[in-house]
Asker: 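This is the structure I want to talk about, given as structure tokens.
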Amino acid sequence: MSDLLLDLGGNKAARSVMSTIGIPVPPQLSRARGPWEERPLEGRTILVGGSGHLHATIAPALARAGAAVGPDDHVERGPYRDASEAFARPIAGIEDGGHGIVFDGTALATVADLRQLYDVFHPHVRALRRNGRVVVLGRHPSAASSPEGAAVASALDGFVRSLAKELGRKGSTANLVHVDADAEDRLEPVLRFLLSDRSVYVDGQPLHVTATCAGDLPAFSPRILSGRVVLVTGAAQGIGRATARRLALEGAKVVVLDRPAEASAIADLARELDGVPLPVDITDADAPQVIAERMEELGGLYAVIHNAGVTRDKTLGRMDEPRWDLLMDVNLGAILRIQAALEAGPLQDGGRVVLLSSIAGLAGNPGQTNYAASKAAVAGLTRALGPVLAPRGIGVCAIAPGFIETRMTAAIPFGTREAGRRLSNLSQGGLPADVAEVLTFLASPYALGLTGGVLRVCGGSLIGA
Ligand code: NAD
């Protein structure tokens, strides 16, 4: 469904009228489409600041991604000089404002150290270009050796959330990455993703890069999912369909599963993607076995995206039993049963499991006690399953989408729909393709450092933030 304010904002004359009469103009977001580029930051200038431990990791990572890097005056220049020589990229000047800022806060330990945030950002943040990207790196507060250290590490969270709210009207985002000391070699793809246009609707969020999941991170390679089978449930429309299409661009053999009533839609999609249609109702008693057997026939399963989901809204006192029971079975029971069958059979070691929670599950929503319970359960399942599957090198992540422009949200009454769109830092809903970018990243070997967590894909929505 089209967003009138956003459409008008795309027109220069209308934008000027809107500004004059005081109607907030949602920013036009720049999005990257197509398969991942080897150098997603080509032509971009990134300012790097902060006195942390990660500069030897950040410098070559940014150079490999194609960025021109401008280290702040207080940053040790050695790693950046070496990287610029190795990749024949000049060290950049950042006087005119860059496309991004990376702040390494992994060495912050005292209240006085927090001043670095002000010193690095204050002179540059207003010059950050539209659709800019800020990534703040820190240690997880639980790793601090003193209460002051934990407090200082926690400060980064509030800083990033607030900065994200300040930057949103320019279409820019800010995110926080906690990097464990033994997982620094897993940071690079996360950094590339967050600094690129692929992360357009991830805003104000903390991610945690750990060494929990066994395995080795591959170097960037085009069509990284070639020869790998990825199952997407609920693939006939919306987020699932966009994700199936996106995965195929990385070379995946995509199994597109949906209800038998959607058989013709998934047959068409499978033909388009050279994928495999699987018309199955996930709540059927034999669904786990049917799905597992099909995956075995295909030679095993690399990743599953448990995307199929339904809403059955009613306030609790008015909710009939079928609304509760059917929803709980689609959104939770079926996932548990299918996941168990996949783990016991076709799911390969080193694979990925990605689940769909929702910000409604984190924040609660009137009329959605059933839905929110199921989506909070999915978040809990993700946290519990991560450590269980980590020894097999299987990463488990969930995302919690905010307001995404799909048939599900088009059915919401006008007033609620407008509120859902505007109550985010970016003043607009996300697109299924924005969510598909995140799901594809999490379903890839590049996400090795991410497991057991829930990432909101909500444009920094105020709901439940
Ligand atoms: P959608 O309704 O457009 O698509 C869901 C798909 O799941 C449909 O194709 C449907 O046929 C399929 N499905 C439903 N029941 C099934 C069953 N029993 N067996 C097999 N397939 C079944 O939904 P969407 O908006 O694309 O959402 C996808 C996921 O994202 C859902 O889990 C949803 O809860 C979650 N989500 C969506 C939003 C949003 O704003 N759209 C926000 C938060 C979370």
Side-chain angles (χ1 to χ4, degrees), residues 1 3 201 231-246 255-269 277-288 290-291 304-313 322 325-335 337-338 354-365 368 370-379 381-382 398-412 416-417 419-421 423-424 428-436 438-439 442 454-459 461 463-464:
M1 170 164 288
D3 176 341
Y201 211 58
L231 168 66
V232 182
T233 70
Q237 62 184 40
I239 292 169
R241 181 171 58 188
T243 304
R245 288 194 166 125
R246 184 64 191 84
V255 180
V256 290
L257 180 153
D258 212 295
R259 293 174 301 127
E262 303 290 344
S264 104
I266 57 173
D268 290 348
L269 185 61
L278 192 51
V280 169
D281 185 320
I282 57 169
T283 61
D284 283 351
D286 64 350
V290 169
I291 296 168
V304 54
I305 301 186
H306 292 288
N307 167 76
V310 292
T311 49
R312 290 290 183 275
D313 298 356
D325 293 340
L326 178 135
L327 181 141
M328 214 51 83
D329 205 29
V330 176
N331 290 9
L332 185 59
I335 293 175
R337 294 191 296 271
I338 292 167
V354 189
L355 300 107
L356 272 284
S357 180
S358 164
I359 59 167
L362 312 181
N365 204 19
Q368 291 200 313
N370 51 356
Y371 184 74
S374 74
K375 294 299 182 179
V378 164
L381 173 63
T382 305
I399 65 157
F403 186 98
I404 308 300
E405 303 280 357
T406 64
R407 281 220 310 235
M408 197 184 254
T409 47
I412 299 174
T416 320
R417 188 169 67 235
R421 276 179 178 147
L423 281 179
S424 76
Q428 59 196 284
L431 304 180
D434 301 336
V435 182
V438 184
L439 289 171
L442 293 177
V454 181
L455 176 61
R456 291 169 57 120
V457 184
C458 64
S461 173
I463 297 169

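Side-chain atoms are counted along with the backbone in the values below, which use heavy atoms only and exclude waters and symmetry mates. Owing to the predicted nature of the structure, the values given are computational and were not obtained by experimental measurement. Read the numbers this way: they start at 1 and go in the same order the structure lists the ligands and their atoms.
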Asker: Is any side-chain heavy atom of V454 closer than 4.5 Å to one of I399?
Answerer: no
Asker: D281: which residues meet the side chain to side chain donor-acceptor pair (under 3.5 Å) condition with it, sequence neighbours left out?
Answerer: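 Partners of D281 by the side chain to side chain donor-acceptor pair (under 3.5 Å) criterion, ordered by chain and then number, come out as T283.
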Asker: With the side chain counted from C-beta on, respond yes when L356 and I305 share a heavy-atom pair under 4.5 Å apart, and no when they do not.
Answerer: yes
Asker: Using a strict cut-off of less than 4.0 Å between a Lys/Arg side-chain nitrogen and an Asp/Glu carboxylate oxygen, indicate whether R337 and D329 qualify as a salt bridge.
Answerer: yes
Asker: Name all residues meeting the salt bridge (charged side-chain N to carboxylate O under 4.0 Å, His left out) criterion together with R312; count only those two or more places apart in sequence or in a different chain, and write none if there are none.
Answerer: none
Asker: For N370, enumerate each residue passing the side chain to side chain donor-acceptor pair (under 3.5 Å) test, keeping only those at least two apart in sequence or located in another chain.
Answerer: none
Asker: Show me the short polar-atom pairs for ligand 1: any N or O of it lying under 3.5 Å from a protein N or O, with distances only.
Answerer:
unit_1: ligand 1; atom_1: 2 (O); unit_2: Q237; atom_2: NE2; d: 3.3
unit_1: ligand 1; atom_1: 3 (O); unit_2: Q237; atom_2: NE2; d: 2.9
unit_1: ligand 1; atom_1: 9 (O); unit_2: D258; atom_2: OD2; d: 2.6
unit_1: ligand 1; atom_1: 11 (O); unit_2: D258; atom_2: OD1; d: 2.6
unit_1: ligand 1; atom_1: 11 (O); unit_2: R259; atom_2: NE; d: 3.1
unit_1: ligand 1; atom_1: 11 (O); unit_2: R259; atom_2: NH2; d: 3.4
unit_1: ligand 1; atom_1: 18 (N); unit_2: D281; atom_2: OD1; d: 2.9
unit_1: ligand 1; atom_1: 19 (N); unit_2: I282; atom_2: N; d: 3.0
unit_1: ligand 1; atom_1: 25 (O); unit_2: T406; atom_2: OG1; d: 3.0
unit_1: ligand 1; atom_1: 26 (O); unit_2: I239; atom_2: N; d: 2.8
unit_1: ligand 1; atom_1: 32 (O); unit_2: N307; atom_2: O; d: 2.8
unit_1: ligand 1; atom_1: 32 (O); unit_2: K375; atom_2: NZ; d: 2.9
unit_1: ligand 1; atom_1: 34 (O); unit_2: Y371; atom_2: OH; d: 2.6
unit_1: ligand 1; atom_1: 34 (O); unit_2: K375; atom_2: NZ; d: 3.1
unit_1: ligand 1; atom_1: 40 (O); unit_2: G402; atom_2: O; d: 3.3
unit_1: ligand 1; atom_1: 40 (O); unit_2: I404; atom_2: N; d: 3.0
unit_1: ligand 1; atom_1: 40 (O); unit_2: I404; atom_2: O; d: 3.4
unit_1: ligand 1; atom_1: 41 (N); unit_2: T406; atom_2: OG1; d: 3.0

